[in-house]
**Student:** 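Got a structure here, written out as structure tokens. Questions coming.
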Amino acid sequence: MDMQAITLARAVLAAARRPVVLTGAGMSAESGVPTFRDALTGLWSNFDPERLASPEGFAADPPLVWGWYSERRRGVLRAQPNAGHLALARAAAYFEQFPIVTQNVDGLHARAGSLDVLELHGNILRTKCFGECGFRCDDPKDLPAGEPPACPRCGQWLRPDVVWFGELLDAVLLERAEQLAQCCDVMLVVGTSGVVYPAAALPGRARRAGAQVIIVNPHPSELDDQAHLLIRDTAARALPMLFEPA
Ligand code: APR
């Protein structure tokens, strides 16, 4: 544990007035939620990500893609928020606003008790209509594991409410995330490789606008150049130490 970086980061966060957190798959690693690529193991190792996570892949084989997401959904439902999610949820009490912009689709920030979470890539526990009717459903219970169910409104397939390859992010969410990056005074970046845009552009934007950027990641990432402080440790170990009284 790099206590010097932790001590400096604690001081920066204690003085923050408009902090923003950006999280990626590493945030949930200690909850046992595999990243998209790590989940491509066993039976799924022969499949391309694009085949399992794109509108074209779903249209070509709805039961295959639905089955893959059913398995991941079960994994997410079994997982519990880790000490890092819980530390972020508690940290909200110290600030007027404490938005968390996440690329994760597992809903673990909300389950930990965080209230202001922007799920940029959607949520695997929700479903929506594959057609144009706009139907959305929040309840993961009773979803079949085999064929995708039909949309109760228009009869099209239902699909997971996540952002697939080739799809645009929700424009309202993205605009709020960009504004937060522009206006924050500290951006805490946790567990992201920084290779998937537009989320990966947020730390650079925050830094150019004058914010301090703190990265928590046990490994190097594409964002390291943007960091004022690098904490080379895991989310569940480092985050409780960043906010809680010594
Ligand atoms: N604590 C913190 N960081 C960790 C931990 C941990 N315990 N374990 C791994 N990491 C870091 C890795 O070092 C890596 O930099 O988490 C990062 C995970 O990177 P990715 O798997 O690329 O995840 P992410 O950046 O969220 O990917 C973005 O890509 O697969 C798509 O849509 C999916 O939202 C995802 C997007």
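Atoms within each ligand, like the ligands themselves, are counted from 1 in listed order. In this chain, numbering begins with 1 at the start of the sequence shown.
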**Student:** Atom CZ of Phe135 and atom SG of Cys154: how far apart are they, to the nearest 0.5 Å?
**Tutor:**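 Phe135 atom CZ to Cys154 atom SG measures 9.5 Å (nearest 0.5 Å).
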
**Student:** Between Asp225, Asp224, Asn217, which is the residue that forms a side-chain hydrogen bond (donor to acceptor under 3.5 Å, both in side chains) with Ser221?
**Tutor:**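 Checked Asp225, Asp224, Asn217 against Ser221; only one passes side-chain hydrogen bond (donor to acceptor under 3.5 Å, both in side chains): Asp224.
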
**Student:** Before you tell me yes or no, could you show the steps for Thr127 and Asp161 under side-chain hydrogen bond (donor to acceptor under 3.5 Å, both in side chains), namely the whole-Å CA-CA distance, both residues' side-chain angles and the distance that decides it to 0.1 Å?
**Tutor:** CA-CA 5 Å; Thr127 47; Asp161 190 2; over 6 Å; no

**Student:** Within 45° of the axis and under 6.0 Å from the centre of the six-membered ring of Trp68, does NZ or CZ of Arg51 qualify?
**Tutor:**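 Geometry flag: not set, cation outside 6.0 Å or 45°.
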
**Student:** Should you measure from each heavy atom of His219, which atoms of ligand 1 turn up under 4.0 Å away?
**Tutor:**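 Going through ligand 1 atom by atom, the ones under 4.0 Å from His219 are 13 (O).
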
**Student:** If I compare all heavy atoms of Thr35 with all of Ala25, which pair ends up nearest, and what's the gap?
**Tutor:**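 Shortest heavy-atom contact: CG2-CB, 3.3 Å.
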
**Student:** Can a side-chain donor-acceptor contact be found between Gln103 and Thr23 if the only test is distance below 3.5 angstrom?
**Tutor:**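 Looking only at side-chain atoms, Gln103 and Thr23 do not form any donor-acceptor pair under 3.5 Å.
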
**Student:** How close does the nearest protein non-hydrogen atom get to atom 31 (C) of ligand 1, and which residue and atom is it?
**Tutor:**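 Looking at atom 31 (C) of ligand 1, the protein heavy atom closest to it is Arg37 NH2, 3.6 Å.
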
**Student:** Is there a nitrogen or oxygen of Ala25 sitting under 3.5 Å from a nitrogen or oxygen of ligand 1?
**Tutor:**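 N/O-N/O distance below 3.5 Å exists for this pair.
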
**Student:** Quick test: of every protein heavy atom, which one is nearest to atom 15 (O) of ligand 1, and how far off is it to 0.1 Å?
**Tutor:**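 Going by distance alone, atom 15 (O) of ligand 1 is nearest to Asn217 ND2, 2.9 Å.
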
**Student:** Return the closest protein heavy atom for atom 10 (N) of ligand 1 as residue, atom name and distance.
**Tutor:**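 Scanning the protein heavy atoms, the shortest distance from atom 10 (N) of ligand 1 goes to Gly26 CA, 3.5 Å.
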
**Student:** Please report the C-alpha distance between Arg176 and Glu119 in whole Å, then the side-chain angles of each, then the deciding distance to 0.1 Å, and finally whether the salt bridge (Lys or Arg N to Asp or Glu O under 4.0 Å) criterion is met.
**Tutor:** CA-CA 11 Å; Arg176 175 152 186 248; Glu119 293 179 318; over 6 Å; no

**Student:** Looking at Lys128 and Asp138, does any basic side-chain N land under 4.0 Å from a carboxylate oxygen?
**Tutor:**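 Looking at Asp138 together with Lys128, the answer is no, because their closest N to O distance does not fall below 4.0 Å.
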
**Student:** List the closest protein heavy-atom neighbour of atom 28 (C) of ligand 1: residue, atom name, distance to the nearest 0.1 Å.
**Tutor:**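 Looking only at protein heavy atoms, the one closest to atom 28 (C) of ligand 1 is Gln103 OE1, 3.2 Å.
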
**Student:** Would you mind running through ligand 1 and noting each atom that sits below 4.0 Å from a heavy atom of Thr192?
**Tutor:**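 Under 4.0 Å from Thr192, ligand 1 has these atoms: 15 (O), 17 (C), 24 (P), 25 (O).
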
**Student:** Within the structure, is a non-hydrogen atom of Val190 found at a distance of less than 4.0 Å from ligand 1?
**Tutor:**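 Checking ligand 1 against Val190, which is what was asked, there is no heavy-atom contact under 4.0 Å.
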
**Student:** Would you say the side-chain atoms of Gln80 and Ser31 include a donor-acceptor pair closer than 3.5 Å?
**Tutor:**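 Side-chain D/A pair, Gln80 to Ser31: absent.
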
**Student:** Just jot down the ligand 1 atoms closer than 4.0 angstrom to any heavy atom of Gly191, in number order.
**Tutor:**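 Heavy-atom distances to Gly191 below 4.0 Å select 2 (C), 3 (N), 16 (O), 17 (C), 18 (C).
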
**Student:** At a 4.0 Å threshold, what atoms of ligand 1 neighbour a non-hydrogen atom of Glu30?
**Tutor:**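 By the 4.0 Å cutoff, the relevant atoms are 1 (N), 6 (C), 7 (N).
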
**Student:** Find all atoms of ligand 1 within a distance of less than 4.0 Å from any non-hydrogen atom belonging to Ala29, and give their numbers and elements.
**Tutor:**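 Contacts of ligand 1 toward Ala29, numbered from 1: 7 (N), 8 (N).
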
**Student:** For Gln97, does the CD atom sit with more than 12 other heavy atoms under 6.0 Å from it, leaving out its own atoms?
**Tutor:**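 No - once you tally the heavy atoms of other residues, nucleotides and ligands closer than 6.0 Å, there are 12 at most.
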
**Student:** Report the part of Thr35 (side chain from C-beta onward, or backbone N, CA, C, O) that has a heavy atom under 4.0 Å from ligand 1; answer both or neither where that applies.
**Tutor:**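 Side chain only.
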
**Student:** Check the orientation of Trp164 and Phe58. Use parallel for under 30°, tilted for 30 to 60°, and perpendicular for over 60°.
**Tutor:**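 Taking Phe58 first and then Trp164, their aromatic rings sit tilted (interplane angle of 30° to 60°).
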
**Student:** For atom 36 (C) of ligand 1, grab the closest protein heavy atom and report residue, atom and distance to one decimal in Å.
**Tutor:**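 So the nearest neighbour among protein heavy atoms is Val196 CG2, 3.6 Å.
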
**Student:** Just to be sure I read this right, does ligand 1 sit under 4.0 Å from the backbone of Ser193, its side chain, both, or neither, counting only heavy atoms?
**Tutor:**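 It is both backbone and side chain that touch ligand 1.
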
**Student:** If you measure from atom 1 (N) of ligand 1 to every heavy atom of Pro34, Ala53, Ala235, Gly122, which option wins on shortest distance?
**Tutor:**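 The option holding the nearest heavy atom is Ala235.
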
**Student:** Hey, does Gly24 come in under 3.5 Å of ligand 1, counting only N/O atoms on both sides?
**Tutor:**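 No, no N or O pair falls under 3.5 Å.
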
**Student:** Among His121, Glu222, Met27, Glu119, which residue places a heavy atom closest to atom 33 (C) of ligand 1?
**Tutor:**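 The residue whose heavy atom sits nearest atom 33 (C) of ligand 1 is His121.
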
